[in-house]
Amino acid sequence: MRGSAVFHILLLCQCWTWAHSKADNDAAQTLDQGLQVEIQGVETNQSESTKQTNGTVDFWAELKELRDMTIELKTDLKHYLSRIEKLEQEKLDLEVRISSAEKEMEEIKSENADQPKVAFSLGLTNAGRLGPYNTDITLRFSKIFKNYGQAYNPDTGVFTAPVRGAYYFRFTFCEINNAHWMGIHLYHNSKIIMTNYDRSNTYYETMSNGVILELERGDVVYMVLQAPYTVYDDHRNYSTFTGFLLFQL
Ligand SMILES: *[C@@H]1O[C@H](CO)[C@@H](O)[C@H](O)[C@H]1NC(C)=O
Ligand SMILES: *[C@@H]1O[C@H](CO)[C@@H](O)[C@H](O)[C@H]1NC(C)=O
Ligand SMILES: *[C@@H]1O[C@H](CO)[C@@H](O)[C@H](O)[C@H]1NC(C)=O
C-alpha cells in the first residue's frame, strides 16, 4: 500500500511536468482535471491513511532506527558474550580450585587415617599407699581410663611408642596425712627425664608435671617410685598418668 501510493505520486508528477511542457491547453486542461481527480483520490487516500504516507518516511526512519538498534544490540551482545566468557573462565578457575581443595581434603583424611591412635589415661591404684620399698620400682597403673592403641602395658607399667613422633606425657601424684615424702622419676628408655619430690603436710598434697618427648618407634616411657618414698591413691583417682601422640615425625 505504501509502495503503491509513492508510485502514484511519482507518476502524477511526471504527468504534470509532461503536461505543462506541452502547449496544448485542452490536453493540459483535460489532464489537469484528470490529475486533480487523481490528486484528490491520492489526497483522500492520503488523508485516509496519513500514517501510511508518513509511514513511508517513518519506514526509513524506522529502518535506520532498527539498524542503529541492531548495532547497539550487537555491541551489547559482544559485551555480554565477553562477560559470559569471563564468567566461564571464572567458573573453570573455581572448579580447579574446588577440585584441588577436595584433593587436599582427601589427603588430610588419609593422613588422619594413617595417623595411629595413641592415647592413654590411667589411675594408679585403689589400694591406698604404695611404698616405701627398698629399691626403685616401676609403677604399674592398674586403673585404665583409656588406652587407645594399647601402647601402655598394664602388666609392666611401660608405654611403648608404636611410631616415631612427638608425644606428650603428664602425671599427678598425691600423698595424704602428715609427713609422707613422695619421690618419683619419669623415664625415657633408661634416661631420667623428670624427678619430683613433695611432702604431705596436715592433709592432701599433690605434685604434677608434664613434658613433650621425641620418641623413636619402640622407645619406652614409664614412671618409677624411688626408694624409700611413697605415693597414695584410692577410688578418688588422686594419682594419674596420661600420655598421647601429638604427631608423627
Ligand atoms: C484510494 O484507495 C481505494 C481503496 O483503498 C482505491 O480503491 C482507490 O482507487 C484509491 N484512489 C486512488 C486515487 O488511488
Ligand atoms: C506526517 O503528517 C503530518 C500531518 O499529516 C505532518 O505534520 C508531518 O510532518 C508528517 N511527517 C513526516 C515525517 O512527513
Ligand atoms: C575414678 O575413675 C574411675 C574410672 O574412670 C571412675 O569410674 C570413678 O568414678 C573415678 N572416681 C572418682 C571419685 O571420680
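Ligands are counted one by one from 1 in listed order, and the atoms in each one are counted from 1 as well. If you read the sequence from its start, that first residue is 1, and numbering goes on from there. Treat the numbers as computed from the prediction; the structure is a model and nothing was measured. Both backbone and side-chain heavy atoms feed into the values below; hydrogens, waters and symmetry mates do not.
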Please tabulate, one line per pair, the protein N or O atoms found under 3.5 Å from any N or O atom of ligand 3, giving the distance to one decimal.
from     : atom 1 : to     : atom 2 : distance (Å)
ligand 3 : 2 (O)  : Asn237 : OD1    : 3.4
ligand 3 : 2 (O)  : Asn237 : ND2    : 2.4
ligand 3 : 11 (N) : His235 : O      : 2.9
ligand 3 : 11 (N) : Asn237 : ND2    : 3.0

Legend entry - Under 3.5 Å donor-acceptor, Ser200 side chain and His180 backbone: yes

Inset, instruction - Would you check if the distance from the ring center of Phe244 to the ring center of Tyr148 is below 6.0 Å? - result: no

Inset, instruction - Check whether the side chains of Tyr197 and Gln226 place a donor and an acceptor atom closer than 3.5 Å, and report yes or no. - result: yes

Inset, instruction - Take Phe159 and Val118 through the side-chain contact (heavy atoms from CB on, under 4.5 Å) test and state the conclusion after the steps. - result: CA-CA 10 Å; Phe159 170 84; Val118 186; 3.7 Å; yes

Inset, instruction - Taking the six-membered ring for Trp and the full ring for Phe, Tyr or His, determine whether the centres of Tyr222 and Phe241 are under 6.0 Å apart. - result: no

Inset, instruction - Answer yes or no: are there more than 12 heavy-atom neighbours, outside Asn134 itself, under 6.0 Å from its atom CG? - result: no

